[in-house]
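By convention in this document, chain letters (A, B, ...) are assigned in the order of the sequence lines, proteins followed by strands, and residues within each chain are numbered from 1.
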2 protein chains.
Amino acid sequence: MWMPGDRLPSRAQLAQECGVTDGVVRRAQEALIAQGVLEGRAGSGTYVAQRRERVRITRSPRRERADGSPFAADVAEAGMRGTWESRTDGMVPAPPGIAARLGIAEGDYCVRTTYEFLADDKPVQISTSWEPYDITAGSLVMLPEAGPLAGKGVVRRMADIGITVTRAVERPEPGHANAEEAHLLGIQRGSLVTRIQRTYYSDDGRPVETADIVVPAGLGEIVYEVPVSP
Amino acid sequence: MWMPGDRLPSRAQLAQECGVTDGVVRRAQEALIAQGVLEGRAGSGTYVAQRRERVRITRSPRRERADGSPFAADVAEAGMRGTWESRTDGMVPAPPGIAARLGIAEGDYCVRTTYEFLADDKPVQISTSWEPYDITAGSLVMLPEAGPLAGKGVVRRMADIGITVTRAVERPEPGHANAEEAHLLGIQRGSLVTRIQRTYYSDDGRPVETADIVVPAGLGEIVYEVPVSP
DNA sequence: TCGAATTTGTGCGTATGTATC
DNA sequence: GGATACATACGCACAAATTCG
């Protein structure tokens, strides 16, 4: 009957047709919006949500070893084109939580980079990455998204300055999208998201990068592949 | 002022004190309940939630290789005592989603086991495990929680019948606790949870077990350790 | 360009159901 | 069984955003 992209009749109209108040219609729509079936646009109307294919985001030893960007590989497997926009701030004092994760003192300088990852030009995930300033200071890879190794990923960049990254630790947490995240990701405020705290460690056990990653449940499917050694 | 376990004044009382209606108090309490700060008990009152330590649930090649129960190891690291209750149904027809994950036909028989995992006798996670009936039929390890290898984990049990498990694939998804999950886990309905679809594969690529695991955000901290091979 | 009409979003208040003591 | 307290559903008013003449 209604197709993706169609606009539904207004709440007042639906309420009159069904013989209920507009409050009932609103709550019914809210439930469907939370499930991702409908999409509300303030001042405009309520629409049938576009069906978007979820991008499978894979974490495995194999994927980490790959040479290019892990995200680009994920999107390519879905037959789409992966791109991203980024902004780097060179010397930002570490907030408490980040400092603890990086094993540095609060206020120590970091290189902070914010990302917005796109699949076929539509946002799929956002992230904020932090690296201790003193690790990359003065090297060609200090700015993650500039220079010859731009977009090659943390592992490859660190290797270039003689640091061997041996493991990543990821901590996924469920949550709801706040207003800013909803705006950046083009989703509804309050939608289900997974927030991942990821930290890369070098072979001597030192944290060399940590990131906060936000993946909306409706846009990404997170897959961890854990090998079982005999 | 108020300590964990204390009962707050009733909504009507708080409403009168603050000069608002009880609806306002209710919504304020709902927000705090969602954050796990308060706990509402129908017919009884609203209480300050007990502070519960989160159990770190680790997934890594090292942990999978361990001989005992992975859960027991997780809980032991937190200095607590890990136990579990289980119930096994011997011949259950596979529902569509499970059949797809196990690579069998819909309706093929499975061994289904439901678990409730406890740390110091308090629930931490629940799960439902499915194994194709024909894999373990007639062997000593057909019932996961009976016999000599009870509680030793899927990898060890499969090894006993000559099946080498080489990898686990986990897919964590954010969600809200339904009424049944909330009851089993002793949490509030609608609380944030992570639902994990886990599947174990043998060396020939065949799925040998799949499980739906529910971890409340307030009770468990899920950690994936991904090695980065050079 | 601006303002009025329309539509969704947010907050509040009330009534009823249900569990507990 | 009655009183009390939380849970759920409903209705209403206003604010914010959008649209369009």
> Heavy-atom distance under 4.5 Å between the side chains of A:Asp22 and A:Val24, does that happen here?
Replying inline: no

>> Assess whether a salt bridge exists between A:Glu77 and A:Arg56, defined as any Lys/Arg side-chain N lying under 4.0 Å from an Asp/Glu carboxylate O.
In response: no

> Ion pair present between B:Glu209 and B:Arg198, side-chain N to carboxylate O less than 4.0 angstrom?
Replying inline: yes

> Where along residues 20-31 of chain A does a heavy atom come under 4.0 Å from DNA chain D, residue by residue in number order?
Replying inline: A:Thr21, A:Val24, A:Arg26, A:Arg27

>> Between A:Glu116 and A:Arg87 (salt bridge meaning N to carboxylate O under 4.0 Å), is one present in this structure?
In response: no

>> What I want to find out is whether B:Asp212 reaches B:Arg101 closely enough, with some N-O distance under 4.0 Å, to be called a salt bridge.
In response: yes

> D:dA5 P sits how many Å from B:Gln13 CD, rounded?
Replying inline: 8 Å

>> For chain B and DNA chain C, what are the first and last nucleotides along the strand, 5' to 3', with at least one atom under 4.0 angstrom from a heavy atom of the protein chain?
In response: C:dC12 to C:dT20

>> In this structure, how many angstroms lie between the P atom of D:dC6 and the CG atom of B:Leu38, rounded?
In response: 11 Å

> Does the distance from a Lys or Arg side-chain N to an Asp or Glu carboxylate O, for B:Glu64 and B:Arg59, drop under 4.0 Å?
Replying inline: no

> Heavy-atom contacts under 4.0 Å between residues 179-193 of chain A and DNA chain D, which residues?
Replying inline: none

> Do other residues, nucleotides or ligands put more than 12 heavy atoms under 6.0 Å from the OH atom of A:Tyr47?
Replying inline: yes

> Hey, is CE on A:Met3 packed in by over 12 heavy atoms from elsewhere, all under 6.0 Å?
Replying inline: no

>> Please verify the inter-ring angle class for B:Phe71 with B:Phe117; under 30° counts as parallel, over 60° as perpendicular, anything in between as tilted.
In response: tilted

>> Is a donor from one side chain sitting under 3.5 angstrom from an acceptor on the other, for B:Gln125 and B:Tyr115?
In response: no

Close N or O pairs between protein and nucleotides 14-21 of chain D (under 3.5 Å):
{"unit_1": "D:dT18", "atom_1": "O4'", "unit_2": "A:Ala42", "atom_2": "O", "d": "3.4"}

> Under a 4.5 Å cut-off applied to non-hydrogen side-chain atoms, are A:Val169 and A:Tyr201 in contact?
Replying inline: yes

> Is there any salt bridge (charged side-chain N to carboxylate O under 4.0 Å, His left out) pair reaching into residues 28-37 of chain A, and which pairs are they, with sequence neighbours excluded?
Replying inline: A:Arg26-A:Glu30

>> Please list all pairs meeting salt bridge (charged side-chain N to carboxylate O under 4.0 Å, His left out) that have one or both residues in residues 177-189 of chain B, counting only residues at least two apart or in different chains.
In response: B:Glu181-B:Arg195

